[in-house]
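In each ligand, atom 1 is the first atom listed, and ligand 1 is the first ligand listed.
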Amino acid sequence: MGRKAEFDDKPKKGPGRKARKQGAPVFRKQSFAPQEEEDKKLSHRQKQRVVKREQKKVVQKAKIQEKRAKGQQKQLAQRQKKYNSDSEPEDEVEPQEASSDEEVPQLVPAGKLQKASATKGFTDENDDWLKPKKQQKLKKLPQPEPDSEEELEEDSDADLEAESGQEDDSDAESAEDVDDDEQEIEEDSDEDDAKVGKLADLSDDDDEANSDDDFDISGDEGAQEGSGSDDDEDDDEDDDDDDKLPIERANKKLKKREAKEAQEAEEEMQMTVDHQDVFQLPTEEEEAEKEITLQDVQQRIKDVTLVLSDFKKYRQADRSRSEYIDRLRQDLCLYYSYNDFLMEKLMDMFPLSELMEYLESSEVARPLTIRTNTLKIRRRQLAGALINRGVNLDPLGKWTKEGLVIFNSQVPLGATPEYLGGYYMIQGASSMLPVMALAPQENERILDMCSAPGGKGSHIAAAMKNSGVLFANDSNRDRIKAVVANFHRLGVVNSVVSCEDGTKFRKIMTGFDRILLDAPCTGTGVVSKDPSVKTTKSDVDVQRCYNLQRKLLLTAIDCVDAKSSTGGIIVYSTCSVLPEENEWVIDYALKKRNVKLVPTGLDFGVEGFTKFRQHRFHPSLNLTKRYYPHTHNMDGFYVAKLKKFSNTIPITKEQQEEDEKQLDEPIEGETTTEAAEAKEAAEDAEENADAEKAPRKLLGKRAGKPSLTDIDLDLKKKKLEANKKKYVAKVFEKPVKVAKTPKPEQPQETNGKPKAQKNEKPQEATGAPTGQKKEKRLEKNGTPKAQKKEKPLEKNGLPKAQKKQEFKAAQANGKGKPSKPDAGKKFPSQSNGKASPGKQSPAAPKPEAKRFQPKDKKAKVNQQTAKPAASAKANAKLAKAPRIDADDVPVLEGKPIKRQNNLKQKSKQIGQLKKSKTGANPNPRGGKGKKFKK
Ligand SMILES: C[S@@+](CC[C@H](N)C(=O)[O-])C[C@H]1O[C@@H](n2cnc3c(N)ncnc32)[C@H](O)[C@@H]1O
């Protein structure tokens, strides 16, 4: 549109046709150049009005001259007087001068006006006087609106000249004066354009609004009207009113009034709104009555937040701050699905506005990130390869040379050839930080104390360039498999993988250059990954983690060599944001060991707390780093770097022991998974015991309590439990059957027993109480074979032998062949414990067998299945099957047997009874049997 203005005098290079035809438009530099701010503000019309006004002045001046020439001073004085009566009097100036001042009150600086008015003594306030001249002027002025100031000036000059030309004859001198004055005024008006513009805006705009162009009132006008002072407005009115009809003036006044009223109304409304907006905390009844939606909750969160932001202003007089905070916490729990405990913790940590940000960002998943395995590939190459597969990615940030952030991918990132080839590890951005802080060096000995699944461990190995030795440890046997798998995939070859309790590591190995302790924690920083954290964590969980973390950290410190030439460094990290698991743990270690905090080397992250609520930590804790989802767009994380400066421990051994004891103390109200499992097991055992018959119950009560504590211990090794049960069943099956032998048969039994049976019994007797160690020892001695031989005998031979014995006993007592029901009864009597002790064998291994029977369902089944079997064949068949299974039970480990060892007393009793009755060595294979002999 239009031609392009040129403001510089640069000659155009090679002007084109257009340029030749039509020169560039030339504007007065003045009009665009930012010389005067005020000038910029003048619109085109305003400028026109200024020119008009100047023209007016000129006309007025000419009139004055004319009047002077005609000697109409008297009339002028009268007019002046009249004007003065309408306008504000100005005492300081002579009447004539005053009137001239009023003529252009604000348009020209006072001094100059005085000068001008002193010369002319003129006012345009007199309509009578002015009107014909106006008409005259209007006639003289060109009808179309002038395009520019220049034109207007020219026009006005021309008019002036014409007028002055008419007047030249009469008063040449005065004409010269006028010319001079004109010049002055012109200059002044040029100089003071800005001032004129500023003040005239109000009046002129009004003028324009009322007179020109359909009452166009722009917002600016209104604003200017509003912003102008009353005086200014009045003055402007005075100016403008000259040109206006009464109706226009009335209109203007009306508008003014309306604007004022609108402003007042707005203020009033604001006050009312402020007053009404005070949020009313709902009462309990209200809450109970009203069905609340999520939107209501959201609104209430906003309201309460507002109240808490200016409590004095918005609070209800009868409500305390804590009531609002409680309400807010409950609503936040409801809205974001947190439990009260965690929400309270978070509210303690963050100011309200930050808390909202934290909660919001915790609802959103963090960006997917991967770490280049620099043992195999460079990041650029990896990025190229993945891009070719349709992965949209970018470098993670300047702080890492290995990280890549994945925006989207056409392929699953856990299944690309690059992943399977070990070129990268899928890892959260925050997980890279602890290893960066650890700064592993080549050829060092580094321990990753809690390593599974090996993300950070493999990062350490990469930093070590597969040199030195990396010890990757984790106490979780299942998870450690992931470490091995990942290390294989990623090509880590400098590592030793172990599965030990980290707290015991000082007894396994020490003297490490560096240790990473990425401690087990509540995971409150990874809520977006695992939302269950929001509802499942309690103070007991935090306490438990806190204890374990402290123990692990002290161990880690003890395992590091302070004299390491390259290191002596411990990095502690968690994916929890709670100070209890972070600053408190570090603060504890600072007190208990010769370590100090050093900068992590991570140039971003929030400083760790040096105080939290009423707690005060070591000031150096500000060297630790915190990471939040809302500030760093990564999982909540904590990193602390410690330097060990002495291998001595600054506390006494007694203190150490006391500390350890304290850390091992059970937590009040603890309902850990282990404890819960133990409880469940105890309940199961009790239920089983209840299911047993009375004597068993008794036995269960007698032996049950100690065995329950044993169960507690055993449950810590979950996998062994199943085996243990099987084993227990197997070991104690024989005594059960031995116990079945009726009293009178015993002498016969002892005398007429087959060899095999003789061998069995001592084995059973000894095997039952001695437990696993014994079993192992037996195995070593070649006993398992014998056992295996025995067992079929037990299974197949025992019922037969029993029958024979029964039969013999019956014959000896003259009772004849025992009836089938009798034989049948014996088994139930055993299982039910109803058989009288008198009828049982004196060896009485029965109670012992009963004691363990509840724990062994299989044994029960065996007995029960054997019970209804009428014939020996059937019995043998039924007994056979499960026994074969029992033989296949793997060799037992320490725990189950240990538990049985607790029952030494009973086994001793059994052995002694047998010994006394049979006179045979209960354990001909030595070992405990020998002890029994003694
Ligand atoms: C946060 S994870 C470690 C993650 C690992 N550093 C990584 O980057 O892949 C914590 C680990 O500590 C292990 N852990 C828990 N208690 C332990 C203990 N007493 N000794 C050693 N490891 C333990 C857990 O099995 C779990 O794998």
Side-chain angles (χ1 to χ4, degrees), residues 369-371 373 402-403 424-438 440 446-463 470-487 489-490 492 495-509 512 514-526 529-530 533 537 541 544-559 570-578 581-582 585 627 634-640 660 663-664 672-674 716-718:
T369 53
I370 59 173
R371 178 180 56 79
N373 178 20
E402 293 140 318
Y424 63 89
M425 180 86 186
I426 300 172
Q427 208 173 14
S430 56
S431 288
M432 300 172 201
L433 301 169
V435 180
M436 290 171 70
L438 188 71
I446 298 179
L447 170 64
D448 182 6
M449 201 175 233
C450 303
S451 184
K456 294 176 195 81
S458 56
H459 193 181
I460 294 172
L470 166 67
F471 295 84
N473 175 71
D474 200 283
S475 64
N476 189 317
R477 207 165 283 191
D478 290 330
R479 284 170 66 90
I480 206 79
K481 288 173 194 162
V483 178
V484 176
N486 275 321
F487 281 14
R489 186 175 62 82
L490 297 162
V492 174
S495 65
V496 174
V497 179
S498 62
C499 182
E500 298 290 342
D501 181 354
T503 60
K504 309 270 160 56
F505 223 86
R506 63 165 78 80
K507 289 173 192 162
I508 298 167
M509 193 182 273
F512 291 99
R514 286 163 209 266
I515 293 184
L516 172 65
L517 172 54
D518 186 31
C521 65
T522 53
T524 50
V526 286
K529 253 189 226 161
D530 179 9
V533 171
K537 298 300 166 192
D541 293 306
R544 199 172 62 241
C545 282
Y546 172 53
N547 283 354
L548 179 59
Q549 286 155 353
R550 285 189 295 172
K551 271 167 83 175
L552 284 167
L553 183 54
L554 291 192
T555 312
I557 294 169
D558 293 346
C559 289
I570 304 104
V571 166
Y572 174 84
S573 63
T574 69
C575 56
S576 171
V577 292
L578 301 181
E581 298 181 72
N582 299 321
V585 176
Y627 298 89
M634 50 176 77
D635 291 327
F637 220 81
Y638 179 78
V639 182
E660 271 172 32
L663 294 180
D664 285 333
T672 62
T673 45
E674 280 175 10
K716 284 179 184 171
K717 292 187 175 176
K718 295 167 198 171

Looking only at heavy atoms, which two atoms of Leu516 and Ser573 are closest? And how far apart? CD1-OG, 4.3 Å

Using salt bridge (charged side-chain N to carboxylate O under 4.0 Å, His left out) as the criterion, list what pairs up with Asp501, not counting sequence neighbours. Lys504

Non-hydrogen side-chain atoms of Ile370 and Gln427 separated by less than 4.5 Å: no

re atom 15 (C) of ligand 1, the protein heavy-atom contact at minimum distance is Pro520 CG, 3.5 Å

Can Ser431 be said to touch ligand 1, with heavy atoms closer than 4.0 Å? no

For atom 11 (C) of ligand 1, grab the closest protein heavy atom and report residue, atom and distance to one decimal in Å. Asp474 OD2, 3.5 Å

Nearest non-hydrogen partners of Thr524 and Val533, listed with the distance: CA-CG1, 3.8 Å

Do Thr503 and Thr555 have side-chain N/O donor and acceptor atoms under 3.5 Å apart? no

Residue and atom name of the nearest protein heavy atom (relative to atom 10 (C) of ligand 1), distance in Å to one decimal: Asp518 O, 3.7 Å

Closest contact, heavy atoms only, Ser458 versus Met425: OG-SD, 4.3 Å

Out of all atoms in ligand 1, which are within 4.0 Å of some heavy atom of Glu500? Include the element for each. 20 (N), 21 (C)

Could you check atom 7 (C) of ligand 1 against the protein and tell me its nearest heavy-atom contact, residue, atom and distance included? Ser451 O, 3.5 Å

May I ask you to identify, for Lys456, whether its side chain, its backbone, both or neither come under 4.0 Å of ligand 1 on a heavy-atom basis? both

shortest atom 12 (O) of ligand 1-to-protein heavy-atom contact is with Cys450 CB, 3.2 Å

Counting each atom of ligand 1 from 1 as listed, which ones have a heavy atom of Met449 under 4.0 Å away? 21 (C)

Who gets closest to atom 18 (C) of ligand 1 by heavy atom: Ser498, Ser576, Ser475, Ala452? Ser475

In this structure, does ligand 1 have an atom that sits under 4.0 Å from one of the heavy atoms of His459? no

Without hydrogens or angle criteria, can the side chains of Ser431 and Arg371 be said to hold a donor-acceptor pair below 3.5 Å? no

Atoms of ligand 1 less than 4.0 Å from Gly455 heavy atoms? 7 (C), 8 (O), 9 (O)

Can Asp448 and Lys456 be counted as an ion pair, charged N to O under 4.0 angstrom? no

Using a distance-only test with no angle check, is there a side-chain donor-acceptor pair under 3.5 angstrom linking Ser576 and Asn582? no

What residue and atom, counting heavy atoms only, is the protein's closest point to atom 9 (O) of ligand 1, and at what distance? Pro453 CD, 2.9 Å

Under 3.5 Å between some N or O of ligand 1 and some N or O of Asn473? no

Restricting to non-hydrogen atoms, name the atom on Ser451 and the atom on Asp474 that form the minimum distance, rounded to 0.1 Å. N-OD2, 3.3 Å

Ligand 1 atoms nearer than 4.0 angstrom to some heavy atom of Asn476 are 25 (O)

For atom 21 (C) of ligand 1, tell me which residue out of Gly502, Ala482, Ala519, Cys499 has the closest non-hydrogen atom. Gly502

Which of the atoms of ligand 1 are close to Arg479, meaning less than 4.0 Å from one of its heavy atoms? 2 (S), 25 (O), 26 (C), 27 (O)

What protein heavy atom sits nearest atom 19 (N) of ligand 1, and how far away is it? Asp501 OD1, 2.8 Å

Aromatic rings Phe512 and Phe505: how do their planes relate, parallel, tilted or perpendicular, breaks at 30° and 60°? tilted

